[in-house]
Amino acid sequence: MKIATWNVNSAKARLPLITDWLRLTSPDVVLFQEIKCETAVFPGAAFEELGYHVAVVGQKAYNGVALLSKTPAEDILTRLPGEPEDEQARYIEATVAGIRIASLYLPNGNPIPGEKFAYKLRWMDRLYAHARDLLAREIPFVLGGDYNVIPQDRDVYSPADFAGDALAQPETRAKFRALLNLGLTEAYRALHDDDRAYSFWDYQAGCWPRDKGLRIDHFLLSPQAADRLAECVIDRGPRGGEKASDHTPVILELRDV
DNA sequence: ATGGTTGCTGCGCAA
């Protein structure tokens, strides 16, 4: 089973690029972040035409996540538990082919200090609690998306430039490590030891042509999902095209059972 | 380079 995650930075602005890529790559499951539209105006029909079932949680202008699947998604959860008053559309999770799969858009958290960083840390605590709950229930799962976390200095072109950034703070990294220490596997790093394996390049200051990127889009796997881990690759192709998102897709391959 | 770009919105904000 091939599962892709992609922060598309507007589903509508990126629609032709996305559909071209789906035809080319044909993932079984696709996780989008930053669709930047309300649920009702998400261009789901364009994906249904390609054979996908579509589950969406959107909001006006900001955030928004979606989960596409070639087989139907069941038991769809549209919010991360733990803070009922949180209205931001950052989490969707469903069962596809017997596995819980989530598309998540973890808060950016800048600037620091401030309410946005506090929200990021709370959100990470909620993700931790939820992952722990799924583990306790022995439910196999894959948590994919834009984590807005630079796990290690090697995952950014210039650690010094990000020393004051929410994506690389010690507290941010500690909470990400805590997730791993629950027994989760970070798919890309489990298989690859290379540097410059970026998934995001800022639009500004020629970051893409200069390869000044960050690795912030990740897949975290439960032990049962990790047993099936076959490959994880970053597809830099879509970042180089016209009207590109600032993120590029990451693709996970799980062996069939 | 106290710069630079993009999307959505509504004449700024988030990334």
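Labels below follow one simple rule: chain letters A, B, ... track the order of the sequence lines, proteins then strands, and each chain is numbered from 1.
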Please state the [atom1] separation for the pair [N] and [M] - nearest whole angstrom.
N      : M      : atom1 : answer
B:dA14 : B:dG10 : C1'   : 15 Å
B:dG7  : B:dC11 : C1'   : 16 Å
B:dA1  : B:dT5  : C1'   : 15 Å
B:dT9  : B:dA15 : C1'   : 15 Å

Of [options], which meets side-chain contact (heavy atoms from CB on, under 4.5 Å) against [X]?
X      : options                      : answer
A:C232 : A:I3, A:V250, A:T185, A:L221 : A:V250
A:F47  : A:V54, A:V30, A:V56          : A:V54
A:H247 : A:L214, A:N9, A:I216         : A:I216

* Is there a side-chain contact between A:Q33 and A:L104, using heavy atoms and a 4.5 Å cut-off? ->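 No; the side chains remain at least 4.5 Å from each other.
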* Enumerate the residue pairs fulfilling ring pair (Phe, Tyr, Trp, His ring centres under 6.0 Å) with a member in residues 3-29 of chain A, sequence neighbours excluded, ordered by first and then second residue. =>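 Listed by first then second residue: A:W6-A:W21.
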* **Where protein sits on nucleotides 5-15 of chain B, one letter per nucleotide: B base, S sugar-phosphate only, - none, heavy atoms under 4.0 Å** => BSSSS---BSS
* Asked: side chain to side chain contact (heavy atoms under 4.5 Å, CB included) with A:P140: which residues, sequence neighbours excluded?
  ->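 Testing A:P140 for side chain to side chain contact (heavy atoms under 4.5 Å, CB included), a comparison that skips the adjacent residues, returns A:I99, A:S222, A:Q224.
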